[in-house]
Amino acid sequence: MTARPFRRVALIGLGLIAGSMAHAIRQNGLADEIVGHARSRETRDTARRIGLVDRVCDTAAEAVADADLVVLCVPVGAMADVAREIAPRLAPGAVLTDVGSVKQSVIDAVGPHVPEGVHFIPGHPLAGTEHSGPESGFATLFRDRWWLLTPLPGTDEAAQARLLALIRGMGARTDTMDPAHHDLVLAVTSHAPHLIAYTMVGVADHLSRVTETEVINYSAAGFRDFTRIAASDPTMWRDVFLHNREATLDILGRFTEELFMLQRAIRMGDGPLLHDYFGRTRAIRRGIIDAGQDTAAPDFGRAQRADGKPEG
């Protein structure tokens, strides 16, 4: 039997990502013990009730004691305070990672608090749903999804190998990336699209006050996708935009330029330009499907049970 990558894993924050990690680690035998902590007593009580982890601790410092892997699963804006709290209790040789959607800001917030001998390896799983809370996790969330690491100069190779073994053991694909480049890429693929979705749903909200329930009742597939995205955790996304400000604003500026170009094409009746543009963007969708990052099934394969099998 292959040795487990870690003996004790501490999950700080017990929402969708941490909950899914707990299920996947247990299902795949990747650690001897999983402990967890959440700031909210209600969340801790729920985690205890459903047996999400082996032990729920009332403080983050208690949870990380003697853990050889610590995963920060809290909003980006809370990273510095949590890192400051747990620093004195981190075990020498432990691996410390995170699941934040922004990397440079997390490195700036957490890095100064990491004790000598603790291996800080920032990370980001590109997986999620619009649901949150300890009951939202499921073991297959990371299957065939990318989990990016942004290791710092001088990162211990053995520590990184152990972390990669755990991530791959949960079914994820892995890659490494420079933190600044990560933040730019994610501004394109995640952050700006979320902001656009929030904006469109906000526009519909204003319009629905005039049209009563028509916007809700007659929602087409495109708008329903926007509402799914816009249902994501507001605290997390507030912090993402505040902590990846420059990259997001850069991409939004580029988006605005493209939007003005399309607006002019529509006004001028430039059908060939619109057809060519939509043809090129359609190819992106096909590329995502070919890469195994989505399916061509109805609802884009999102109707999924907790066991990872499609509903219906």
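These numbers come from a predicted model, not from an experiment.
Separation of atoms CD1 (I167) and OG1 (T97) is listed at 6.5 Å; rounding is to 0.5 Å. With rounding to the nearest 0.5 angstrom, the NE2 atom of H243 is 8.5 Å from the CZ atom of R245. Taken from NE2 in H191 to OG in S101, the straight-line distance is 4.5 Å, to the nearest 0.5 Å. A distance of 5.0 Å separates CG in L30 from CG in L166, rounded to the nearest 0.5 Å.
With salt bridges taken as basic N to acidic carboxylate O contacts below 4.0 Å, none links K103 and D178. Salt-bridge check for R55 with D32: failed, with every basic side-chain N at 4.0 Å or more from each acidic carboxylate O. Looking at R254 and D250, a side-chain N of the basic residue comes within less than 4.0 Å of a carboxylate O on the acidic one, giving a salt bridge. Looking at D276 and R280, a side-chain N of the basic residue comes within less than 4.0 Å of a carboxylate O on the acidic one, giving a salt bridge.
Residues I25 and V35 do not share a hydrophobic cluster, defined by chaining ILVMFWY side chains whose heavy atoms lie under 4.5 Å apart. M79 and V70 fall within the same hydrophobic cluster, where Ile, Leu, Val, Met, Phe, Trp and Tyr residues are linked whenever their side-chain heavy atoms come under 4.5 Å apart, directly or through other members.
Distance alone, capped at 3.5 Å, places no donor-acceptor pair between the R26 side chain and the I34 backbone. Distance alone, capped at 3.5 Å, places no donor-acceptor pair between the R143 side chain and the M170 backbone. Side chain of T189 to backbone of V185: a donor-acceptor contact under 3.5 angstrom is found. Proximity of a side-chain donor or acceptor of R4 to a complementary backbone N or O of G29 within less than 3.5 Å is detected. A distance-only check finds a donor-acceptor pair linking the side chain of R48 to the backbone of V56 [under 3.5 Å]. The closest donor-acceptor contact from the side chain of H23 to the backbone of F138 lies at 3.5 Å or more, if one exists at all. In terms of modelled atom types and a separation under 3.5 Å, the side chain of D68 and the main chain of A94 share no donor-acceptor contact.
Considering all non-hydrogen atoms of both residues, I86 and A61 come closest at CG2-N, 4.1 Å. The nearest pair of heavy atoms linking V76 to S105 is CG1-OG, 4.1 Å.
Under the salt bridge (charged side-chain N to carboxylate O under 4.0 Å, His left out) criterion, D108 pairs with no residue at all, not counting sequence neighbours. For W146, there are no ring pair (Phe, Tyr, Trp, His ring centres under 6.0 Å) partners two or more places apart in sequence or in a different chain.
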